[in-house]
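Proteins get letters first, then strands, A, B, ... in listed order; numbering begins at 1 in each.
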There are 2 protein chains.
Amino acid sequence: MMTRTGEASAAIATGTVAEVTRVAVSTVIFTTRRLEGADRPAVVLPLVRRTRDPYEGLWALPGGWLGLSESLEEAASRTLAETTGLAPSYLEQLYAFGAVDRSPARVVSIVYWALVREDETRTPQPEDPENVAWFDAASLPQLAFDHNQIVDYALWRLRNKVGYSRIAHGLLPDEFTLAELREVYEVILGRRLDPANFRRQVESSGTLIPTQSFRTGSHRPARLYRYDRDVELADRGPLDARQ
Amino acid sequence: MMTRTGEASAAIATGTVAEVTRVAVSTVIFTTRRLEGADRPAVVLPLVRRTRDPYEGLWALPGGWLGLSESLEEAASRTLAETTGLAPSYLEQLYAFGAVDRSPARVVSIVYWALVREDETRTPQPEDPENVAWFDAASLPQLAFDHNQIVDYALWRLRNKVGYSRIAHGLLPDEFTLAELREVYEVILGRRLDPANFRRQVESSGTLIPTQSFRTGSHRPARLYRYDRDVELADRGPLDARQ
DNA sequence: ACAAAAGTGTTAATGCTACACCCATGG
DNA sequence: CCATGGGTGTAGCATTAACACTTTTGT
């Protein structure tokens, strides 16, 4: 499901296999971007227009069938690369959806969510640019299947995880000011944070490395920081630290 | 995989289908129990002895193939009932495992974890009592497939969730004393908790309803409490509150 | 009376929040 | 020199942890 291949597809069409459960992998891909006319950046995600039967014409999460020789995570990375041309800075399994009536054929969808860096989302072109577009996560149209719910859950997970991990780094370039880091937090959480307290919290976490460079702008220059690359952005699940 | 049906099974044997990815559902089922000779209860889980090819003879998580007309959660409940004869007091999706080399045939396993109440684990008999046994979660033998890792992750999730939800109730009968509730927390977390502070924390959460009954024992009687049934034990994922 | 668990009170330490304040730069 | 964001200091408040203390029962 949730792919350009179509849901009620191959297995039944051939006629050899009466009914099988197929496995699909989809990915909710987040980045931040300054939309035209807005002073603050927004959380945006790419969607793919469906060109086949169920929900034809509606927008859906990028995804595809699980290949026989690729792991779930590899399948997620692959469809992510096909739609954005990028490698994710963070990739984590979200949930497996398997309700019987999700789709005309029986499909179990393993959904991942990912972060890509804003500065990387410009250059590469997707394989099929016509049917790929980026949407503001806060104001999505009606999506195919149960994808609105899935995006809501991914956003909930992102907001949750930003509170107890360094995951916000996945949306920033190598070097950044504390104000830029704080802006990412603010956009994800949907509220303003006290600059003074934010600085202390993030400094005391010990994962920030100050550089000797400064971002010079309209006012007092701000020190640039980078993250300690030896520390993982967040706990990604059972296959991560625990293995 | 992880079932009495065997992993490298049906699809290939028939010869009609060259290669398909099959979907299995397994469940890590926790309860507490006072093992003989121990003063404090332990976290235990049921395992099923494999009677077929991959890992024959080893213990594995109860599970089975996903039926065409059942949801993932229904499949988990079904295999749970087949091995324990019980309905779970709590059931949540844990993770989807899909590495290519997990099993000889290509299998994606959706794993759930569940809590059942201690007082309910005595009466019913499993369908195949010979090949079902309960093990102390703290000292498991080598299990089939990657099931040791999976149990470790489920234990991590249980410990984590006990800190911010009322999930411990899933291991207790309707009425219980604060000492009994605290003992559940202590066994899961593996450390002693201050009775005075525990009482205040749990009382201030507002989910405990004091009854007029008292548990009379060797010393001062302790008031019995029950949980507010209108409040969910914990957030179970995207299909729960969010839908 | 005494042991032991039930239950209450108190205090120190910690962390978070709000906000006053100084610093450095471009215009 | 002033507006603005960078950066520091500090006091109030809530939460937590440690532990002394009182209450109530069975023996």
Side-chain angles (χ1 to χ4, degrees), chain A residues 32 34 38-41 159-166 168 172-173 175-227, chain B residues 32 34 38-41 159-166 168 172-173 175-227:
Chain A
T32 51
R34 287 177 199 279
D39 54 336
R40 309 188 60 76
R159 293 193 181 108
N160 214 38
K161 210 134 194 172
V162 97
Y164 63 86
S165 78
R166 333 184 302 105
L172 285 175
E175 301 200 328
F176 49 85
T177 67
L178 289 182
E180 289 163 354
L181 180 61
R182 177 166 50 85
E183 192 171 50
V184 170
Y185 275 79
E186 289 179 343
V187 161
I188 292 173
L189 296 175
R191 62 188 171 91
R192 308 303 289 265
L193 299 175
D194 183 304
N197 297 329
F198 181 80
R199 161 182 300 271
R200 269 184 294 259
Q201 282 173 13
V202 82
E203 272 178 347
S204 70
S205 80
T207 57
L208 272 196
I209 301 175
T211 71
Q212 297 312 312
S213 320
F214 289 81
R215 169 101 65 231
T216 168
S218 49
H219 295 292
R220 174 175 172 178
R223 183 180 293 277
L224 290 173
Y225 291 80
R226 56 186 185 81
Y227 267 106
Chain B
T32 51
R34 286 175 199 280
D39 54 337
R40 309 188 59 77
R159 292 194 182 106
N160 214 37
K161 209 134 193 171
V162 96
Y164 63 88
S165 77
R166 331 184 303 105
L172 286 173
E175 300 200 330
F176 50 87
T177 67
L178 288 183
E180 288 163 355
L181 180 61
R182 177 166 49 86
E183 193 171 49
V184 169
Y185 274 79
E186 289 177 343
V187 161
I188 291 174
L189 296 175
R191 61 188 172 92
R192 310 302 290 266
L193 300 175
D194 184 304
N197 296 330
F198 181 81
R199 161 183 300 273
R200 271 183 293 258
Q201 282 173 12
V202 82
E203 272 178 346
S204 70
S205 80
T207 57
L208 273 196
I209 301 173
T211 70
Q212 296 313 310
S213 319
F214 289 81
R215 170 98 70 231
T216 168
S218 50
H219 295 293
R220 173 174 173 177
R223 182 179 295 275
L224 291 173
Y225 291 80
R226 56 186 184 80
Y227 266 107

Spacing between [X] atom [atom1] and [N] atom [atom2], to the nearest angstrom:
| X | N | atom1 | atom2 | value |
| --- | --- | --- | --- | --- |
| A:Phe198 | D:dG5 | CZ | P | 17 Å |
| A:Arg220 | D:dC2 | CZ | C1' | 16 Å |
| B:His219 | D:dT25 | NE2 | P | 13 Å |
| A:Leu181 | D:dG6 | CG | P | 12 Å |
| B:Asn197 | D:dT15 | CG | C1' | 11 Å |
| A:Glu203 | D:dG6 | CD | C1' | 12 Å |
| B:Asp194 | D:dA20 | CG | C1' | 11 Å |

Does B:Val187 offer a backbone N or O that forms a donor-acceptor pair with the side chain of B:Arg40 under 3.5 Å?
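Not at all, since once roles are kept as given, no pair shorter than 3.5 Å links the two residues.
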
Considering all heavy atoms of both residues, which atom of B:Arg226 and which atom of B:Phe176 are nearest to each other, and what is their separation?
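For B:Arg226 and B:Phe176, the tightest heavy-atom pair comes out as CA-CE2, 4.0 Å.
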
Check whether any side-chain heavy atom of [X] sits under 4.5 Å from a side-chain heavy atom of [Y], and report yes or no.
| X | Y | value |
| --- | --- | --- |
| B:Thr177 | B:Phe214 | no |
| A:Leu208 | A:Leu178 | yes |
| A:Pro195 | A:Arg182 | yes |

Electrostatic pair B:Arg223:B:Glu175 at N-O distance under 4.0 angstrom:
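No, B:Arg223 and B:Glu175 are not salt-bridged.
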
Is A:Arg192 paired with A:Glu186 through a side-chain N to carboxylate O contact shorter than 4.0 Å?
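Looking at A:Glu186 and A:Arg192, the cut-off is met.
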
What is the first contacted nucleotide of DNA chain C and what is the last, in 5' to 3' order, if contact means an atom lying under 4.0 angstrom from a heavy atom of chain A?
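Nucleotide range in contact with chain A: C:dT17 to C:dG26.
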
Please tell me which of B:Arg223 and A:Gln201 maps to the more 5' nucleotide of DNA chain C, matching each residue to the nucleotide holding its nearest heavy atom.
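Its nearest nucleotide lies further toward 5', so the answer is B:Arg223.
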
D:dG7 phosphate, OP1 or OP2: any side-chain N/O from A:Arg199 under 4.0 angstrom?
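The answer is yes; a side-chain N or O of A:Arg199 sits under 4.0 Å from OP1 or OP2.
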
From D:dC19, D:dT4, D:dT24, pick the nucleotide closest to the side chain of B:Ala196?
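The listed nucleotide nearest to B:Ala196's side chain is D:dC19.
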
Look at the side chain of B:Arg200 and decide which nucleotide, out of D:dC19, D:dG7, D:dT25, has an atom nearest to it.
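Closest nucleotide among those given: D:dC19.
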
